[in-house]
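Below: one structure, written as structure tokens.
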2 protein chains.
Amino acid sequence: MKAETNTAGAAQDDPACSARLPLAARNGPVSMLVSRVARLHRIAAGKLLKGLGLYPGQEFLMMHLWDTGPVRQSELIKAVDLDPSTVTKMLQRLEQAGHVRRRPDPEDRRAVLVESTETSCALLTEVQRSWGELEEQTLAGLTPDERVQLARLLTRVEANLCTETADCPEEARRAALR
Amino acid sequence: MKAETNTAGAAQDDPACSARLPLAARNGPVSMLVSRVARLHRIAAGKLLKGLGLYPGQEFLMMHLWDTGPVRQSELIKAVDLDPSTVTKMLQRLEQAGHVRRRPDPEDRRAVLVESTETSCALLTEVQRSWGELEEQTLAGLTPDERVQLARLLTRVEANLCTETADCPEEARRAALR
DNA sequence: GCGCATTTCTTGGCCGACCAAGTTAATCTC
DNA sequence: GAGATTAACTTGGTCGGCCAAGAAATGCGC
């Protein structure tokens with residue numbers, strides 16, 4: 001304990017190096033970090049997906065469709081938890097791009113049945129690959145242990161944000177108390 | 001170093017409980033987590049900021065303006081690392097909302113000087129408070145140690161995504177090798 | 001049956017974000 | 001100094017998101 005006049009004498013109790021951070025964000029260094037990581041991650045995903053003819057965000061819709069087969073649009077909306085209007089427009093574009101087919105539900109004439117087209121099955125493989133690539137790019141240099149740790153912490157954070165948003169997909173309280 | 005028969009005999013090598021995850025995303029459980037957390041975090045931030053008359057994303061612009069005072073728009077663009085056109089439109093709206101003032105730079109008649117208005121200084125305080133609230137909401141239930149850990153891991157992830165995006169704000173390699 | 005609420009989806013508008021192309025001013029080159 | 005290049009925005013278009021308001025079909029009460 002010597003020759004370490006400390007970085008800046010005073011309060012060094014913030015999780016991230018809050019140096020060179022906007023003053024207004026000093027109260028939330030991790031939030032700032034989350035925002036930046038979020039943006040970079042979305043950009044990286046977008047870059048990988050662009051080559052496949054998908055726009056960022058459409059992946060999640062397609063993923064659900066691949067998993068479930070034909071679904072009612074209302075189901076899909078609940079699953080991805082987006083605004084109905086958002087899903088409508090995305091589906092219109094995905095349909096025009098040939099990735100998705102829509103037809104009225106004979107059981108309920110207000111509803112719409114959605115399913116992925118056959119040609120989109122090739123996409124499934126590619127998306128899977130891209131998603132793995134993104135994962136590795138994201139976690140490069142982290143030990144398996146650190147990865148587990150990160151996943152654990154992010155799950156807790158997700159639960160926190162979920163409960164407050166009152167939008168918890170049923171796993172909120174489970175993870176919150178872990 | 002004993003009694004660690006591994007968490008669960010079989011292929012339990014994925015960081016997050018990949019059960020009940022889209023098949024196409026099995027290769028990237030953490031990426032999925034990042035996406036979800038990102039969205040929830042942005043929603044939470046938006047909710048807090050809406051009461052202040054700000055739209056999600058504008059905060060970062062304002063934060064920089066509050067820190068630096070009058071800046072050239074090009075500087076601002078570099079700082080927040082957004083598309084020039086995005087910044088132009090955001091500033092037009094922020095100006096119309098009275099949060100920002102713009103005037104031509106006498107030194108260089110193509111450039112534009114931007115500064116936060118006096119009335120926006122009230123906002124600074126509120127944003128600071130909101131940002132702190134968001135931080136606590138995000139990290140609720142995490143010990144100081146876990147928070148530091150999370151910040152550390154996120155910083156590494158940021159560096160990873162940064163280097164690959166070739167968009168590193170100069171801190172990439174520093175954090176990548178930590 | 002009739003009316004009224006509910007569910008399901010669509011449309012229009014707005015904002016953040018991107019790209020591509022254009023305009024104006026400064027700067028570099030010869 | 002004239003011409004080409006570069007820098008600093010702006011405009012128009014597109015997409016992912018949201019909200020608000022509408023249209024259409026179903027279901028419920030009576």
Side-chain angles (χ1 to χ4, degrees), chain A residues 35-36 38-47 49-50 52-62 71-97 99-100 102-114 165 167, chain B residues 35-36 38-62 71-97 99-100 102-114 165 167:
Chain A
S35 300
R36 289 206 302 261
R39 178 161 170 269
L40 292 171
H41 187 266
R42 188 180 181 84
I43 289 177
K47 218 168 248 184
L49 261 40
K50 165 150 36 173
L52 310 183
L54 282 182
Y55 290 92
Q58 300 184 334
E59 347 130 26
F60 304 111
L61 230 54
M62 293 306 299
V71 221
R72 284 160 81 119
Q73 191 166 319
S74 57
E75 275 298 319
L76 190 57
I77 289 171
K78 264 191 295 183
V80 297
D81 190 36
L82 286 178
D83 192 274
S85 62
T86 300
V87 174
T88 294
K89 290 168 190 169
M90 283 174 78
L91 285 178
Q92 290 172 345
R93 287 157 191 153
L94 282 171
E95 185 175 28
Q96 189 174 0
H99 296 137
V100 140
R102 308 166 74 203
R103 62 170 186 278
D105 184 347
E107 312 268 316
D108 186 339
R109 281 164 51 202
R110 333 164 257 186
V112 173
L113 287 182
V114 191
T165 317
D167 178 35
Chain B
S35 299
R36 289 206 302 261
R39 177 161 171 270
L40 291 171
H41 188 266
R42 189 180 181 84
I43 289 177
K47 217 167 247 182
L48 288 173
L49 261 41
K50 165 150 37 174
L52 310 183
L54 282 183
Y55 291 92
Q58 300 184 335
E59 346 130 28
F60 305 111
L61 230 55
M62 293 306 301
V71 222
R72 285 160 81 120
Q73 191 165 319
S74 57
E75 274 299 318
L76 189 57
I77 289 172
K78 264 191 296 182
V80 297
D81 190 36
L82 286 178
D83 192 274
S85 62
T86 301
V87 173
T88 293
K89 290 169 190 169
M90 283 175 77
L91 285 178
Q92 289 172 346
R93 286 157 191 154
L94 282 171
E95 185 174 29
Q96 188 174 1
H99 296 136
V100 139
R102 307 167 74 202
R103 63 169 186 277
D105 184 347
E107 312 269 316
D108 185 338
R109 281 163 52 202
R110 340 166 251 187
V112 173
L113 287 181
V114 191
T165 316
D167 178 36

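Atom set for the values below is all heavy atoms of this structure, side chains included, hydrogens, waters and symmetry mates excluded. Chain A is the first sequence line, chain B the second, and so forth, proteins listed ahead of strands; every chain is numbered from 1.
- Within the structure, a side-chain polar atom (N or O) of A:R42 is placed less than 4.0 Å from OP1 or OP2 of D:dG17.
- Distances shown here put every side-chain N or O of A:R102 at or beyond 4.0 Å from the OP1 or OP2 atom of C:dT8.
- Between A:Q58 and D:dC15, a side-chain N or O to OP1/OP2 separation shorter than 4.0 Å is absent.
- Side-chain contact between B:R93 and B:H99 is absent, with no heavy-atom pair separated by less than 4.5 Å.
- No donor-acceptor pair under 3.5 Å is formed between the side chain of B:Q92 and the backbone N or O of B:M90.
- Nearest heavy atoms, B:H41 versus A:S35: CE1-OG, 3.7 Å.
- The base of C:dT7 is paired with the side chain of A:R110 by a donor and an acceptor separated by under 3.5 Å.
- Each of A:P106 and A:D83 lies near DNA chain D, and the nucleotide nearest A:D83 is the one positioned closer to the 5' end.
- For B:Q92 and D:dT11, the shortest distance from a side-chain N or O to OP1 or OP2 is below 4.0 Å.
- To the nearest 0.5 angstrom, A:R42 atom CZ is 8.5 Å from B:R42 atom CZ.
- Within 4.0 Å (heavy atoms only), B:L82 reaches sugar-phosphate atoms of the nucleic acid but no base atom.
- For A:T88, a side-chain nitrogen or oxygen approaches OP1 or OP2 of C:dT10 to under 4.0 Å.
- The phosphate of C:dG16 has OP1 or OP2 within less than 4.0 Å of a side-chain N or O from B:R93.
- Between the side chain of B:S85 and the base of C:dC19, at least one donor-acceptor pair of N or O atoms lies under 3.5 Å.
- Atom CD1 of B:I43 is separated from atom P of C:dG16 by 16 Å (rounded to the nearest Å).
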